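Following: one structure in structure tokens, then a few remarks.
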Amino acid sequence: MTPLNSEAARAAADGIAERLSSPSLVSAMGLRGGWWPQSLAVGAAGVALLHIERACAGLGSWQRVHEWLTAAVADGVGAGEGSHLHYGAPAVAFALHAAGGERGRYARALETLDRHIAAETRHRLVVAHARMDVGRLPALAEFDAIRGLTGIGGYLRQRDPEGQLLSEILTYLVRLTEPVNDHNELLPGWWTALAPSGRLSTEFPGGHANTGMAHGITGPLALLALTMRDRTVVDGQAEAIIRICAWLDRWRQDDHSGSWWPYWVTRAQVSGAQPTPSRPSRPSWCYGTAGVARAQQLAALAIGDLARQETAERAMVGALTQPLQLAAIADASLCHGHAGLFHITDRCAADAITPMTRFQPSLLQALIEDGTDAEQLAAALLRPPGGCFGFLEGAAGVALALHTASSGLPPVSGWDSCLLIA
């Protein structure tokens, strides 16, 4: 990336951070989505990640961090059934751990949160294994990276990477990949009877198998691969990675520009009664080529599969060069926008045998168009009523991607580990 691009990214990140300087300032903006303090995805916990990363880099104050973390817990912290990596105790704990650093800040609060997280996680594991014992299909929220056990595993990988609870989650994910017999049809163990919305729907008779990073099987694939690279391994982990990859191979679509995967596979598609989509959709983190390709690149690196790594990287390059995919990106967000595509490309490029860094300037330009100054970008992202200040879909996440782009270094705080891309 050129110095000019780097300077523009730094200025834009600075401008957004200033507009998100305090909880009182943001709460007065009247932006969409309301005010959900203990949410990593859309609330104060997620904005805290921006100020944590900047403070770690010497670009912001720890007082701002403390104000946002205080706001995150102001209304209490949920630790029961509704909690997950992006809301409640695990979300707040993820932010506190990122802030802790070598000085061990917030150690007492983290110990309290961890006890509640462990109790709830073990309860969910018991329920999940009981479900599998009787051959029932899972809900997406049981295992996915946002609401499920994969997301909790992502937190534990940072917080307690050698702990027993992370190993129990990995063991559960290995079992999740084993096939299940449903009405005399053998399906992958992550097949759900529900629609992608997480509810029953007549539009998805017989349910579906979700391929997305946020709600589908590539979230578990990424966690299994990342922990294997960390040398945290349970029985059957490599075999589980291979089973998931074999399923993705079955549904991979190849054309002149590379490979891509459908967002999900339906029962009718499995039987051949319905065709798979004929064209790719947006190459986002949550669904689409970018997230699926990064997960498979990580899997390939974990099990030493050079051919798979090349295929995954070609798919990523296809997403970066195919006009149809690029045109489908409609916003700046981490979840499904330009910031997410840029950041995933940066992470992929660091591990790649396929050259990718040449795409970074144009990806950054999609975020910061020529002639757009930092103030204009910050104002556009936070303009009421449609603006959003949060981490996954809003200004805080965009600023984190821009900050990382300007530094040219991996995140100091590990903020992107919650996306399971690193």
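All residue numbers in this chain count up from 1 along the given sequence. Quick caveat, the model's predicted, so the values are computed rather than measured.
The ring-ring contact (aromatic ring centres under 6.0 Å, His included) test applied to His343 returns Trp415, not counting sequence neighbours. In this structure, the side-chain contact (heavy atoms from CB on, under 4.5 Å) partners of Arg122, at least two apart in sequence or on a different chain, are Ala118, Gln164, Leu165, Glu168. Judged as a ring-ring contact (aromatic ring centres under 6.0 Å, His included), and not counting sequence neighbours, the contacts of Tyr287 are Tyr263, Trp264. In this structure Ser39 satisfies the side chain to side chain donor-acceptor pair (under 3.5 Å) test with no other residue, sequence neighbours excluded. Listed by chain and residue number, nothing satisfies the ring-ring contact (aromatic ring centres under 6.0 Å, His included) test with Trp62 (two or more places apart in sequence, or in another chain).
Side-chain contact annotation: Ser413 with Glu53, donor-acceptor N/O pair under 3.5 Å present. Side-chain contact annotation: Gln322 with Thr289, donor-acceptor N/O pair under 3.5 Å absent.
Checking side-chain atoms of Glu313 against main-chain N and O of Ile353 turns up a donor-acceptor pair under 3.5 Å. Using a distance-only test at 3.5 Å, with no hydrogens or angles considered, a donor-acceptor pair links the side chain of Asp144 to the main chain of Arg147. Judged purely by atom type and a 3.5 angstrom limit, Gln309 uses its side chain to pair as donor or acceptor with the backbone of Asp351. Here the side chain of Trp68 pairs a donor or acceptor atom with the backbone of Leu20 at under 3.5 angstrom. In this structure, Thr232 contributes its side chain and Glu162 its backbone to no donor-acceptor pair below 3.5 Å.
Sorted by first and then second residue, the pairs that involve residues 170-179 and meet salt bridge (charged side-chain N to carboxylate O under 4.0 Å, His left out), not counting sequence neighbours, are Asp133-Arg175.
Expressed to the nearest 0.5 Å, how far CG of Leu85 lies from OH of Tyr155 amounts to 10.0 Å. Note: Arg54 CZ to Ile16 CD1 = 9.5 Å, rounded to the nearest 0.5 Å. Atom-to-atom distance recorded for Phe204:CZ and Thr266:OG1 is 7.5 Å, nearest 0.5 angstrom. Note: Leu173 CG to Ile217 CD1 = 7.5 Å, rounded to the nearest 0.5 Å.
Exactly one of Arg124, Arg131, Arg136 qualifies for a salt bridge (Lys or Arg N to Asp or Glu O under 4.0 Å) with Glu142. That residue is Arg131.
Across every non-hydrogen atom of Ala295 and Ala222, the tightest pair is CB-CB, 4.2 Å.
Between Tyr87 and Trp36, the ring-plane angle classifies as perpendicular under the 30° and 60° cut-offs.
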